[in-house]
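To start, the structure under review is shown below, and the notes come after it.
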There are 2 protein chains.
Amino acid sequence: MQKLTAQRQAILDIINRSDKHWDADEVAFKLKEKGISIGIATVYRGLAALAEQGLIESIQLADKKRYERADKSHHDHLICTECGAIEEFCKPEIETLQDKVAAERGFKIQGHQLLLFGLCIGCKAGES
Amino acid sequence: MQKLTAQRQAILDIINRSDKHWDADEVAFKLKEKGISIGIATVYRGLAALAEQGLIESIQLADKKRYERADKSHHDHLICTECGAIEEFCKPEIETLQDKVAAERGFKIQGHQLLLFGLCIGCKAGES
DNA sequence: TAGCGAATGATAATCATTATCACTATCATC
DNA sequence: GATGATAGTGATAATGATTATCATTCGCTA
Ligand SMILES: [Mn+2]
Ligand SMILES: [Mn+2]
Ligand SMILES: [Zn+2]
Ligand SMILES: [Zn+2]
């Protein structure tokens, strides 16, 4: 019985109002900017609780977790190794092939994570 | 000019002699078991150096890096969320589709990471 | 043999995240 | 309205993987 407290609502609002992929510190900073004071531990707990309830989505990057709105359809991510930009894509054929791979070896899929690393179109242009 | 020192050779031997996906602690433990004394910092540095030279492969799991032999062809991983088992698979069609996605948006791919999470065949059987 | 760059090892530091713990808010029941 | 049960909060300590520091040592090459 997780509660949607005022603190969690504030966190949810921030994430729902943007297309960004937020980490805990960024959310905490934004809250402070808006004059809302929430302890950093509460931000972490709030993000975890919201994700558990499906109110936001989480993606695990190498070093840290990031959270985004849940009202988008499923997608995976392209990550620019130069500027850190995160783009999104959806390729149902890939998902189908993933299911096939799992089925072939009796593996029951619970989730997946596909990250494509490289240079975004902007950073590619500015290469030597 | 990275050197293949005795310490790094010892680390390389351990990894090359198995099909496991090793983390730094496991390598350090195995070294101790074999009576070889290498500082943990050197193990971390050695693994990074070997990976940089392409002598071993690295995969980044949620919390930690793991290393494996480099003399296998490219593959991705299925990870059992119950027992931690790591299986491998190769699906060239998926790789092709990834390249297509990247090409479509002018993204220059440098690498990718595809993890399928779920229950391995053994753990699936033992579910309630 | 002297000098130099790279490596080593012990240990401190970092960084994201989680655990602790005392305190508080919420809500149902008496 | 008082009382408990339960969950949440916030300050802060702890954790765990990894990296940084730094004095010392190794392996070469001039
Ligand atoms: Mn996204
Ligand atoms: Mn593998
Ligand atoms: Zn970029
Ligand atoms: Zn399993």
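Bear in mind the structure is a predicted one, so any value in this text is a computation, not a measurement. The chains referred to below are lettered A, B, ... by the order of the sequence lines, with proteins before strands, and numbering in each begins at 1.
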If I take atom CG from residue A:Asp63 and atom CG from residue B:Asp63, how far apart are they, to the nearest 0.5 angstrom?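 Interatomic distance, A:Asp63 CG to B:Asp63 CG, rounded to 0.5 Å: 12.5 Å.
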Ignoring backbone atoms, test whether A:Thr42 places a side-chain nitrogen or oxygen under 4.0 Å from the OP1 or OP2 oxygen of D:dG10. yes
Does C:dA25 have OP1 or OP2 under 4.0 Å away from a side-chain N or O of A:Gln7? no
Which part of the nucleic acid does B:Thr5 contact within heavy-atom distance under 4.0 Å: base, sugar-phosphate only, or nothing? sugar-phosphate
Could you go through residues 5-12 of chain A and list every donor-acceptor pair under 3.5 Å that involves a side-chain atom there, pairing it with any protein atom two or more places apart or in another chain?
{"from": "A:Thr5", "atom 1": "OG1", "to": "A:Arg8", "atom 2": "N", "distance (Å)": "3.2"}
{"from": "A:Arg8", "atom 1": "NH1", "to": "A:Lys3", "atom 2": "O", "distance (Å)": "3.0"}

Salt-bridge contact B:Lys20-B:Glu26 (side-chain N to carboxylate O under 4.0 Å):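 Salt bridge absent between B:Lys20 and B:Glu26.
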Flag the pair B:Glu57 and B:Lys72 as a salt bridge only when some basic side-chain nitrogen lies within less than 4.0 angstrom of an acidic carboxylate oxygen. no
Check each residue of residues 27-38 of chain A for a non-hydrogen atom within less than 4.0 Å of any atom in DNA chain D, then write out the ones that pass by number, or none. A:Ser37, A:Ile38
For residues [X] and [Y], report the shortest heavy-atom separation together with the two atoms involved.
{"X": "B:Leu97", "Y": "A:Glu93", "value": "CD1-CB, 3.7 Å"}
{"X": "B:Ile79", "Y": "A:Phe107", "value": "O-CZ, 3.4 Å"}
{"X": "B:Arg105", "Y": "A:Leu78", "value": "CD-CD1, 3.1 Å"}

Between atom [atom1] in [X] and atom [atom2] in [N], what is the gap in whole Å?
{"X": "A:Gln2", "N": "D:dT9", "atom1": "CD", "atom2": "C1'", "value": "14 Å"}
{"X": "A:Leu12", "N": "D:dG8", "atom1": "CG", "atom2": "P", "value": "15 Å"}
{"X": "A:Glu52", "N": "D:dA7", "atom1": "CD", "atom2": "P", "value": "13 Å"}
{"X": "B:Arg8", "N": "C:dA6", "atom1": "CZ", "atom2": "P", "value": "11 Å"}
{"X": "A:Leu4", "N": "C:dC27", "atom1": "CG", "atom2": "C1'", "value": "16 Å"}

Give the B/S/- string for nucleotides 16-30 of chain D, one per nucleotide from 5' to 3', where a protein heavy atom under 4.0 Å of the base yields B, of only the sugar-phosphate yields S, and otherwise -. -SBBBB---------
What donor-acceptor contacts under 3.5 angstrom involve side-chain atoms of residues 118-125 of chain B, with partners at least two apart or in another chain?
{"from": "B:Lys124", "atom 1": "NZ", "to": "A:Gly106", "atom 2": "O", "distance (Å)": "3.2"}

When you look for runs of 3 or more Watson-Crick or G-U pairs in a row, both distances below 3.5 Å, which of them include DNA chain D? C:1-30 with D:1-30
Sequence neighbours excluded, every pair satisfying ring-ring contact (aromatic ring centres under 6.0 Å, His included) that has a member inside residues 27-75 of chain B: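 Residue pairs with at least one partner in residues 27-75 of chain B: B:His74-B:His112, B:His75-B:His77.
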Treat each ILVMFWY residue as a node, draw an edge where side-chain heavy atoms are under 4.5 Å apart, and state whether B:Ile94 and B:Ile86 are in one component. no
Let me see the working for B:Asp76 and B:Lys91 under side-chain contact (heavy atoms from CB on, under 4.5 Å), right down to the final yes or no. CA-CA 8 Å; B:Asp76 289 297; B:Lys91 208 63 169 176; over 6 Å; no
